[in-house]
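What follows is a single structure, written as structure tokens, with notes after it.
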Amino acid sequence: MATDCKLGDQTAKDRNDPPYPQESFSAFLRDAQNPDGGWGYHPGSESCTEPAALSILALRGHEATGGKSLSSASDWLRRAQLPEGAWPVAGGERPGCWVTALACLALLKLSSPTENAVTRGMQWLCQTWPAEGNAWWRIRQRLQRRTEAIVRQDHSLHGWGWTPDTASWVEPTASALLLLKNVPAEFLPPEANKRMRLGEAMLADRVCPGGGWNTGNPFVYGEPGIPRVGPTAWALVALGDKKDHAANVKSLEWLEHNYQEIRGPGSLALAHLCLKLYGRPTAPIEPRLQALYLNNQFLGNIPVIAWAILAAGDVPDWLGFASRAKGKA
């Protein structure tokens with residue numbers, strides 16, 4: 001399937017034709033699906049967990065749950081799961097990592113919180129702790145306090161790392177929170193509420209002084225960190241049930257202020273979704289995405305195509321967990 005779909009193979013006439021509406025990109029995703037049911041980061045590349053999960057979430061609004069693309073994709077995700085319940089970056093690799101949250105979320109939206117793969121993935125996420133708090137980390141922190149602290153943050157607040165036994169970072173913490181907040185309380189692992197409280201507190205601790213988030217450090221060598229669009233949008237969507245918190249308000253203002261300057265299609269799509277989630281007015285995103293697409297066809301990036309599909313539609317249900325919790329949806 002993937003071998004016939006190359007974004008860069010368009011004629012000059014094709015490149016001048018509008019690539020929208022959404023159906024154009026959803027058709028591209030279906031054509032780019034690998035024979036094994038997954039997706040790579042680019043058409044024809046090895047199937048990997050992140051693009052597969054995001055493609056599932058993007059195609060849910062364009063194909064029935066039992067449709068060919070979604071069915072084969074969910075089968076690929078289940079096969080890629082490791083015995084301990086985590087997902088690796090690509091099938092057959094180790095270790096499990098942050099993409100476990102995305103894989104669980106994709107399967108959750110196709111099935112239910114009682115599915116074995118989802119249950120095992122959530123348990124792994126809740127039982128896997130970052131490096132903060134282990135003996136070596138505590139020794140290093142004591143040594144730094146005696147000399148010069150590189151970063152200024154509360155290391156007792158644990159989120160999630162990119163891989164096990166590494167430090168907490170904003171995006172993997174946000175993706176884990178997003179998953180756990182989409183699961184009804186009665187189906188959550190016993191450790192979930194504690195992990196969510198710590199993760200939320202960790203994100204609040206990592207806000208940059210002027211609002212927004214970078215990958216994880218609000219201060220480095222005493223200098224304030226510079227926020228970035230991606231981590232800021234990820235953190236805000238994960239904290240969508242706490243819209244009035246001071247850190248959220250300040251960070252949302254930062255994102256709004258910088259929204260028009262975003263040049264990357266993936267960051268633009270994610271920021272647009274975030275602003276819509278928070279009820280902030282935005283102009284239609286299609287013209288900007290179309291211009292970016294015509295410039296370089298998104299470099300054939302599958303996750304970016306998936307985010308573009310999501311941004312051009314309504315706020316997806318897995319970002320609307322705050323409304324559901326209040327009985328509004």
Side-chain angles (χ1 to χ4, degrees), residues 7-8 15-16 18-22 24-25 41-42 50-51 54 57-58 151 169-175 178 203-221 223-240 242-316 319:
L7 282 175
R15 286 194 297 270
N16 290 326
Y20 258 76
Q22 288 176 290
S24 299
F25 284 171
Y41 282 94
H42 297 87
E50 181 185 9
L54 289 175
L57 292 171
V151 299
W169 296 98
V170 169
E171 285 130 302
T173 298
S175 62
L178 195 58
L203 289 181
D205 182 65
R206 304 297 196 269
V207 176
C208 294
W213 283 264
N214 56 27
T215 52
N217 298 324
F219 288 92
V220 179
Y221 290 112
E223 294 296 322
I226 299 174
R228 295 172 51 208
V229 170
T232 297
W234 265 112
L236 283 170
V237 298
L239 299 172
K242 303 184 184 317
K243 296 181 180 179
D244 297 329
H245 283 204
N248 286 29
V249 172
K250 183 188 295 186
S251 298
L252 192 64
E253 290 173 353
W254 180 88
L255 187 63
E256 273 193 305
H257 179 75
N258 289 276
Y259 177 69
Q260 293 300 327
E261 304 304 316
I262 299 173
R263 295 293 178 262
S267 294
L268 174 65
L270 183 54
H272 185 81
L273 273 172
C274 178
L275 293 175
K276 285 203 296 186
L277 174 67
Y278 277 76
R280 298 300 177 99
T282 56
I285 195 175
E286 288 88 343
R288 292 184 66 186
L289 284 176
Q290 178 177 316
L292 290 168
Y293 176 83
L294 293 175
N295 181 50
N296 61 11
Q297 291 76 57
F298 296 167
L299 301 178
N301 189 300
I302 297 292
V304 170
I305 293 285
W307 281 118
I309 293 171
L310 291 164
D314 295 331
V315 175
L319 289 182

Practice item. Check step by step if side chain to side chain contact (heavy atoms under 4.5 Å, CB included) holds for Val207 and Asn248. Key: CA-CA 9 Å; Val207 176; Asn248 286 29; over 6 Å; no

Determine whether [X] and [Y] make a side-chain contact, defined as any pair of heavy atoms from C-beta on separated by less than 4.5 Å.
X      : Y      : value
Val229 : Leu268 : no
Asn214 : Pro227 : no
Pro316 : Leu273 : yes
Gln290 : Pro287 : no
Ile262 : Asn258 : no
Leu270 : Trp307 : yes
Gln260 : Arg288 : yes
Thr215 : Val170 : no

Please give me the minimum heavy-atom distance between [X] and [Y], naming the atom from each residue.
X      : Y      : result
Ala238 : Ala174 : CB-O, 3.5 Å
Leu289 : Pro265 : CD2-O, 4.1 Å
Gly230 : Glu171 : C-OE2, 4.4 Å
Ala308 : Phe298 : CB-CE1, 4.1 Å
Ala306 : Ala58  : O-CB, 3.6 Å
Trp213 : Leu203 : NE1-O, 2.7 Å

Rounded to the nearest 0.5 Å, how far does [atom2] of [Y] lie from [atom1] of [X]?
X      : Y      : atom1 : atom2 : value
Ile305 : Leu310 : CD1   : CG    : 11.5 Å
Leu236 : Leu275 : CG    : CG    : 8.5 Å
Tyr259 : Cys274 : OH    : SG    : 10.5 Å
Leu57  : Ile309 : CG    : CD1   : 11.0 Å
Arg280 : His272 : CZ    : NE2   : 14.5 Å
Arg228 : Cys208 : CZ    : SG    : 10.5 Å

Practice item. May I ask you to say whether Arg263 pairs ionically with Glu261, meaning some side-chain N is under 4.0 Å from a carboxylate O? Key: yes

Under the 3.5 angstrom rule, does the side chain of [X] hit a backbone N or O of [Y] as a donor-acceptor pair?
X      : Y      : value
Lys276 : Ala271 : no
Tyr278 : Val237 : no
Ser175 : Pro172 : yes
Lys243 : Val249 : no
Thr232 : Gly212 : no

